[in-house]
Amino acid sequence: MPTVTIDGCKVEVDRDATVLDAAKKAGVWIPTLCYHSSVSITGACRICMVELDRGDWRQLITACNYPVRQDIVVYVSSERARKARCGIMELLLARSPESEELKALAEQMGVKGTPYPTVTESQRNCILCGLCVQVCEEIIGQAAISFAGRGVDKTVASPFRQASEDCIGCGACAAVCPVGTIKVRVHKDEREVEISPFKSRAKLLVCKNCGAPTVSIEVAEQALSRLDIDIEEFRQLMQFCPKCRRSQAAACLKSAVFDKKKNECAAG
Amino acid sequence: MIAANTKFTSPADLESFVKTLHSSEDKTSRSVRVCIGTGCAAKGSRRLYELFVEAVKQSGQDIRIEAKHVGCHGFCERGPIVVIQPGDIFYQSVEEPDVPEIFRETVLGGRVIKRLLYEDPSTGKKAKRADQIPFYNVQQRIVLANNGIIDPTEISDYIAKGGYAGLAKVLASMTADEVIDEITRSGLRGRGGGGFPTGLKWRAAKDAEESPKYVVANGDEGDPGAFMDRSLMEGSPSSVIEGLTIAAYAIGSSQGYIYVRNEYPFAVKHLSMAIDAARDVGLLGQDILSSGFSFDVRINRGAGAFVCGEETGLMASLEGFTGEPRPKYILPVEKGLWGKPSVINNVETLANVPAIIVKGANWFASLGTEKSKGTKIFSLVGKVKNTGLVEVPMGISLRRIVDEIGGGVPDGKQFKAVQTGGPSGGCIPAEHLDARVDFDELTKLGSMMGSGGMIVMDEDTCMVRVAKYFTNFLQKESCGKCTPCREGLAQMLYILDRITDGEGQVGDVERLGVLAELLEDTPLCALGRTAANPVLSTMRYFRDEYDAHILQRRCPAKECRGLFRYEIDAEACKACGICLKECPVDAITGEKKVPHVIDQDKCTLCGTCWDKCPFTAVKKV
């Protein structure tokens, strides 16, 4: 197993593990934005730059996707690596000045604001990391959104920027968005869920008991088709919201225990 | 011409065919070769060709006359070019009305029409043949040897000039390892920009365990002002295909791709014809020349993204995805196209391969400098007298290319800089004009070899604007995948815009420096990592121009509007009244016999007076 020396700390990792894996093992924090363990790695945001010591020269690499194949020495806290990461963060802050999540990460990295004006804003507060696009395609299998345009005009969009019919309203994109740009909005009155800013909407299941919205109908259908479960039981479960399900279960339990005691008393 | 149903079944078969071709070649036959490269075609050379064909038909002469269309001669400045055999008589700037005269006088009569010959602008001497023109005689043509000689749509022409002899030799007598060793010893380095040793690349791909393996020819030339690859693919497509086939044999691949941009319709057409012809005669396909080696080629057309010339971007595009680069920590020779070992070579690199195989590694290694072997094709454009395509041995000085081949800067202007390496290259100033053309030397000067663009600039070129032009190009062509390239270039452009608008701030050069450093270190692909070169090299050699813009609000080259004034030279002014009449804002006053004056407060700097003055009395100051 190759050894990775990170800022002087030695850890062993499997061959083809990444520098980020090694850093996690060594307890060294490296900021990430476009990295998510569930989807393939693109190395697009460049915020995880670290310095690789190649003996006679040093090179900046992205920790998230650099495969470890032999013993290597990397520096996370070297001046050059830190400067590169901060430089990238400053550019991102200029692009997405309103994202609280991004500001929090910047602060954690010691970046205080950005010297740059906002000159690119193809999509409000989006850093184009691509996690939403990947999760929709790779995990959900819908590919309802993708990148459109090129360069500074690039955006994440549904086809023709219309509300996508392929969107099932699962909200996975919002869950992985590292800068809080994608939001799930529930429209109770219309019993619909909206994924903002993509304008797509999906019908929601509502709890039979309390009327609270649960998940979108299509998400439930997808789950049915993908999981190996008792369909009838699943359908029963999906009729109620989690809260009502819990109280029902509690009621069942209670009656079971209570009835048992009553029966025992009656018998005794 | 090759008879129908001809199929070469062995290397010896091919050789004997060449012999019959040579013996049947009538030494006294006459031919008219009309250039149909895109440059000449744009000036109507296809029509010339048709007229010559017609003239041959109608002549009813007893002698054999052949009119053929050939690939780019390189001297695009003087196109259309027509060369007459015997005598290699070189006519330039030929127009339709010249055709009957050329046919009557030169083709039939053997007399030279002086009017159509090239005249040396400095000596006034007429050149009868191409090799008497300085533009040509400094060149050394290996890759372009067949350009302007053979008909690119006729495979037998290529074979007659020794084409496919390299492949026959490889299949008959060399193992894959021997081929790779030969290429390695030759010192051939990638001509697409990176300069990676070709032999090493092939070796790594051959040693990779997975299969199938792929070979790809990169013909996605996208640099502004560059047309080397286009002319090569148009004029000698078979040499690319032969090189690709040899590469496939060396690494053990049976499928190849040629990635050409769709904006090159003739290149696509000629390559397709060459592939079909090679397949028909058994030089592509199953069991080539009965060697047991099978290989075929497909053409993929690129949709015009500059970044698809980058190898991982090209692979993504070839696979049907958006043309965006991928991380390269694991190289394409291990995991390339569809995750399989792949060799991607520039078309010019591949076109060198057959010559190396036939003439040997030692011959090739004897050309050029210690670490840069062979020749390199450049497209010489910009402020030089002779623009066009040139192939020169590595190690030649930039001065010889600009002054001898290019004929120097026209109109008595001063040379300022030469931009090499395309948009990601840099500008080299006059004091380094004696630098040798060599991968490492150009990199040392802050530029690069690149794929071979060479743009000459004179004193009227504002270097800040040059930096802005290339930064703008790269920003437009950035795929937008990674942060530093997408955001950093936009920030750089924002500052450059401000400087050329006369609103530069003290510290802007340093700000550009910080962004440039970030861009050199952090982007995902080579496009981003070299994108700061135009800014860095102009800041390095022309810092004073940046300072003049920022501190004095003045453009020394007088190109940035608003950073210079128009004034009328009272002595030169003949008070003709033209400027006065043409000025759209009535900023010019004056009477007959009284020199005119521009009211600077009213002047909008439109430049109309400067354009219209017949006595060049309007000056930029």
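Chain naming here is simple, since letters A, B, ... match the order of the sequence lines and numbering starts at 1 in each.
Put simply, CG on A/D16 and OH on B/Y329 are 14.5 Å apart, with the number rounded to the nearest 0.5 Å. For the atom pair B/E517 CD and A/K83 NZ, the distance stands at 4.0 Å (nearest 0.5 Å). To the nearest 0.5 Å, atoms CG (A/L60) and OG1 (B/T522) are separated by 7.5 Å.
Around the CZ atom of A/R201, the shell of radius 6.0 Å holds more than 12 heavy atoms that belong to other residues, nucleotides or ligands. More than 12 heavy-atom neighbours from other residues, nucleotides or ligands sit within 6.0 angstrom of CD on A/Q108. The 12-atom threshold is not exceeded at OH of B/Y494, counting heavy atoms of other residues, nucleotides or ligands nearer than 6.0 Å. Heavy-atom neighbours of A/R69 CZ from other residues, nucleotides or ligands within 6.0 Å: above the threshold of 12. Few gaps surround CZ on B/R553; more than 12 heavy atoms of other groups in view lie less than 6.0 Å from it. By the neighbour-count criterion of 12 heavy atoms within 6.0 Å, atom CD of B/E263 is densely surrounded, having more than that number from other residues, nucleotides or ligands. Counting heavy-atom neighbours within 6.0 Å of B/E319 CD, excluding the residue itself, gives a total above 12.
For the pair B/P484 and A/R46, the tightest heavy-atom approach, listed with the atom from each and the gap, is CD-CG, 3.5 Å. Here the closest heavy-atom approach between residue A/G43 and residue B/L524 is recorded as O-CD1, 3.9 Å. The shortest heavy-atom contact between A/R80 and B/D521 is NH2-OD1, 2.8 Å.
Under the 4.5 Å side-chain criterion, counting only non-hydrogen atoms from C-beta, A/P117 is in contact with B/Q491. Contact check for A/P67 versus B/I330: side-chain heavy atoms found under the 4.5 Å cut-off. You'll find the side chain of B/V307 stays beyond 4.5 Å of the side chain of A/R150, heavy atoms only.
Listed for the A/Y116 side chain is no donor-acceptor partner under 3.5 Å among the backbone atoms of B/G488. Looking only at distances, a side-chain donor or acceptor of B/T483 sits under 3.5 Å from a matching main-chain atom of A/C45.
Neither the backbone nor the side chain of A/S146 comes within less than 4.5 Å of any heavy atom in chain B. Of the two parts of B/P325, neither the backbone nor the side chain holds a non-hydrogen atom closer than 4.5 Å to a non-hydrogen atom of chain A. Using a 4.5 Å cut-off between heavy atoms, A/T42 contacts chain B through both its backbone and its side chain.
Partner of A/T120 under the side-chain hydrogen bond (donor to acceptor under 3.5 Å, both in side chains) criterion, chosen from B/Q475, B/R486, B/E487: B/E487.
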**side-chain contact (heavy atoms from CB on, under 4.5 Å) evaluation trace for B/L518 with A/L91** = CA-CA 10 Å; B/L518 195 65; A/L91 288 173; 3.6 Å; yes
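The choice from A/I61, A/I127, A/I47 that makes the most heavy-atom pairs within less than 4.5 Å of chain B is A/I61. Between chain A and the residues B/R326, B/E334, B/K476, the largest count of heavy-atom pairs under 4.5 Å involves B/E334. Note: A/R95 leads A/Q59, A/M49, A/R95, A/E90 in heavy-atom pairs under 4.5 Å with chain B.
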